[in-house]
Amino acid sequence: MSAINCPECEKELTFDYSTRKYFCKNCGIFVNKDEIVKLREKRQDEKYKEKEDSRRDNDYLQWWLSKK
Ligand SMILES: [Zn+2]
């Protein structure tokens, strides 16, 4: 059994049989497999970008983290 994790928050997704889509109880996104792949790729790009940005703009990162 392979669990698919949410591309947004990394929590385990719940498969909805009637729509054949995946639902995240944590952040509420509702996506099919293709969309998960796309979101994950986008996420990878953002992570890379965040790394680059944090070198210059650490204040923003601190603010973002304290917001959670
Ligand atoms: Zn999620």
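Ligands are counted one by one from 1 in listed order, and the atoms in each one are counted from 1 as well. Just so it is clear, the values below take in all heavy atoms, side chains as well, and ignore hydrogens, waters and symmetry mates.
Between Cys27 and Glu8 the shortest side-chain heavy-atom distance falls below 4.5 Å. When side chains are defined from C-beta on, Lys21 counts as touching Glu35, because their heavy atoms get closer than 4.5 Å. Side-chain contact between Tyr22 and Ile4 is present, with at least one heavy-atom pair separated by less than 4.5 Å. Using a 4.5 Å heavy-atom threshold, the side chains of Lys25 and Thr14 count as touching. The shortest distance between side-chain heavy atoms of Ile29 and Leu39 falls below 4.5 Å.
Protein N, O or S atom count below 2.8 Å of the Zn ion (ligand 1): the structure gives 4.
Ring-plane geometry between Phe30 and Phe23 is classed as perpendicular, the angle between the planes exceeding 60 degrees on a 0 to 90 degree scale with a lower cut at 30.
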